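In this chain, numbering begins with 1 at the start of the sequence shown. Side chains included, hydrogens not; waters and symmetry mates left out as well; all remaining heavy atoms used. Quantities reported herein were computed from a predicted structural model and do not represent experimental measurements.
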Amino acid sequence: MKTNQQQPPASKYGTLLLSTVMLCAFSTLSSAENAEHISQAELNKMPAKQAFKTAFEVGDELFEHPFTAAEGVGANVGQGIRFTLIPRADLDDEQQWAQHLPKRVTGPNAQSCDACHSLPFGDGAGKVMMNNIRDPLHSADPSKFISRQPPHIFGLGALQLLAEEMTVVLQQQLQQAKSQAASSGKTVQLALRAKQIDFGTLSVASDGTVDNRKLQGISADLLIKPIEWKGITSNIRAFVRDAGHNELGMQSTEIVGDNVDGDGDGVVNEFSVGDITAMVIYQAAQPRPTTVQELASLGLAEPLTARQQQQISSGETLFATSGCSSCHTPQLLIDNPLYSEPSRNKHFRDQQFPAGQDPIEQGLSVQQAITFDLTKDMPDNIIQHTDGTKTHLGNFQTNASGQAIVRLFADLKRHDMGQGLAESIDEAGTGAANFITKELWGVGSTAPYLHDGRATTLDEAILWHGGEGLAAKQQYQSLVLADKQALLAFLNNLVLYKAEEEE
């Protein structure tokens with residue numbers, strides 16, 4: 001069992017930027033070893049707390065493990081090659097890239113999850129060299145490829161819970177409008193709003209017909225999808241199994257079926273339902289991002305001077321007055337911070353696996369769900385102080401009402417970012433220039449920036465904003481140098497931290 005320990009100071013502050021030299025924790029398995037796997041049946045037999053602990057630990061090992069060919073990593077990319085950094089839709093012979101099931105959009109390009117999520121340490125973001133090059137149209141035309149930088153996975157469980165609660169509110173509003181329109185015989189104009197975020201308007205006719213042309217930042221299904229740069233994936237489980245298939249070539253039984261070799265590598269049953277559950281729990285239970293200020297207050301970073309504190313404070317004010325916070329909402333609240341896998345919300349769990357199986361028959365049911373509280377149970381970043389006390393730095397903080405405070409700096413909406421960031425294709429029908437607002441928590445630890453890593457600094461990232469972000473960019477451009485430096489110092493205060501672990 002790994003335990004977290006307090007570490008000596010590791011952060012320094014510069015005149016312009018806060019450096020964020022965080023402490024790293026890596027556990028490397030020999031490539032000759034097989035990964036630890038687990039079945040859903042095994043997890044279901046365990047008491048609740050043990051199931052959570054075991055799932056987290058197995059998920060941790062699976063996330064770090066460098067899978068081997070014998071375990072099924074990679075895929076048939078032609079001429080015996082198992083990995084490719086570019087899509088190969090040109091390979092269309094039997095069992096080759098273009099014939100894999102399900103259809104792939106990229107890779108396989110890595111042996112392990114943390115090969116890409118490693119900046120500034122495991123579970124973090126990805127360097128530009130690890131960008132995911134995608135060909136969603138299977139065009140085999142590089143001019144239609146798109147590039148994605150791997151984001152960090154800290155706080156991922158909170159994003160899904162926010163999406164679940166916001167989706168409930170929006171869909172309840174729609175049902176109420178339909179009832180009102182039917183009873184009154186008149187068209188109802190509905191302003192959609194959840195957790196203080198506006199999503200445009202709907203027009204609901206008395207016969208139940210919905211005009212959604214004035215929706216903003218969300219699809220017609222009113223389902224908040226907080227995962228991926230385009231905001232197209234609703235839950236962590238879908239993200240995990242798709243990434244296993246595309247990036248690693250490790251296919252789960254729930255995505256291809258039992259004893260099915262969908263990627264032509266000669267190996268079947270590479271991830272079990274239980275394996276996917278374990279990786280979901282591990283990623284959902286990642287600690288919240290923090291700040292250099294908070295780390296300094298705990299003795300985990302060098303103390304900040306009064307001038308440095310003042311610069312960050314001024315930058316926070318400028319962040320709001322410049323219009324940045326209109327999309328990068330500083331915080332949202334979770335009413336019920338209990339994460340459940342599978343989700344209690346039917347829109348965030350499988351009614352049927354992609355390969356056609358019934359999840360309940362596979363042992364994955366709400367009644368046997370693995371649950372944990374984001375404000376009490378996060379396993380990482382438990383800081384042991386010299387006086388014997390502990391700080392659970394990984395847990396999300398709460399307000400007086402018991403709601404979890406999620407300082408994500410995002411609104412979980414898609415926005416038009418202007419033609420400068422528009423891609424050559426519209427990957428998911430959401431608009432070539434439309435991206436979900438990127439959370440800024442941890443941004444001080446994860447350069448470079450934007451969906452494809454084109455911005456090497458935060459200043460560059462701001463200057464790339466167009467479309468709905470144009471006004472905020474222009475406000476930033478109008479600031480004097482000292483104010484720009486303060487705003488950037490505020491952003492660089494938002495960092496990731498992972499306490500060193502020992503076996």
Pair Asp335-Lys195, salt bridge (Lys or Arg N to Asp or Glu O under 4.0 Å): steps then yes or no: CA-CA 10 Å; Asp335 295 325; Lys195 295 189 184 294; 3.8 Å; yes
Under a 3.5 Å threshold, yes or no: a donor from one side chain and an acceptor from the other, between [X] and [Y]?
X: Asn395; Y: Thr375; answer: no
X: Ser219; Y: Arg414; answer: yes
X: Glu164; Y: Gln160; answer: yes
X: Asn493; Y: Gln293; answer: yes
X: Glu247; Y: Asn132; answer: yes

What residues, two or more places apart in sequence or in another chain, satisfy ring-ring contact (aromatic ring centres under 6.0 Å, His included) together with [X]?
X: Phe409; value: Phe319, Phe490
X: His451; value: Phe435
X: His37; value: none
X: Tyr282; value: Phe56, Phe63

Salt bridge (charged side-chain N to carboxylate O under 4.0 Å, His left out) with [X]: which residues, sequence neighbours excluded?
X: Arg237; result: Glu254, Glu341
X: Asp350; result: Arg241
X: Glu294; result: Arg288
X: Asp242; result: none

Measuring from Phe348:CZ to Leu161:CG, what's the distance to the nearest 0.5 Å? 9.5 Å
Around Lys144, counting heavy atoms of other residues, nucleotides and ligands shown, do more than 12 lie under 6.0 Å from its NZ? no
CD (Gln351) with more than 12 external heavy atoms under 6.0 Å: yes
Apply side-chain contact (heavy atoms from CB on, under 4.5 Å) to the pair His245 and Met250, showing each step before the final yes or no. CA-CA 5 Å; His245 164 57; Met250 293 291 295; over 6 Å; no
Please determine whether side-chain contact (heavy atoms from CB on, under 4.5 Å) holds for the pair Thr201 and Leu192, giving the CA-CA distance in whole Å, both sets of side-chain angles, and the decisive distance to 0.1 Å. CA-CA 6 Å; Thr201 61; Leu192 288 165; over 6 Å; no
Partner set under side chain to side chain contact (heavy atoms under 4.5 Å, CB included) for Lys127, not counting sequence neighbours: Leu119, Met129
What residues, two or more places apart in sequence or in another chain, satisfy side chain to side chain contact (heavy atoms under 4.5 Å, CB included) together with Leu479? Leu318, Ser322, Tyr476, Asp483, Lys484, Leu487
Checking Glu270 side chain against Gln251 main chain: does a donor-acceptor pair fall under 3.5 Å? yes
Would a distance-only check, ignoring hydrogens and angles, find a side-chain to backbone donor-acceptor pair under 3.5 Å from Asn381 to Tyr497? yes
Non-hydrogen atoms of Leu332 and Ala410 that approach each other most closely: CD1-O, 4.0 Å
Looking only at non-hydrogen atoms, find the nearest pair between Gln173 and Ala191 and report the distance. OE1-O, 4.0 Å
Please assess Thr398 against Ile405 for the test side-chain contact (heavy atoms from CB on, under 4.5 Å), listing each intermediate value before the final yes or no. CA-CA 5 Å; Thr398 59; Ile405 303 170; 5.7 Å; no
Could you walk me through whether Asp380 and Lys498 pass salt bridge (Lys or Arg N to Asp or Glu O under 4.0 Å), step by step? CA-CA 7 Å; Asp380 285 337; Lys498 186 67 75 77; 3.5 Å; yes
Quick one: side-chain hydrogen bond (donor to acceptor under 3.5 Å, both in side chains) partners of Asn131, sequence neighbours excluded? Ser147
side-chain hydrogen bond (donor to acceptor under 3.5 Å, both in side chains) against Asp211, all qualifying residues, sequence neighbours excluded: Arg213
Before you tell me yes or no, could you show the steps for Ile153 and His117 under side-chain contact (heavy atoms from CB on, under 4.5 Å), namely the whole-Å CA-CA distance, both residues' side-chain angles and the distance that decides it to 0.1 Å? CA-CA 8 Å; Ile153 63 170; His117 295 278; 4.1 Å; yes
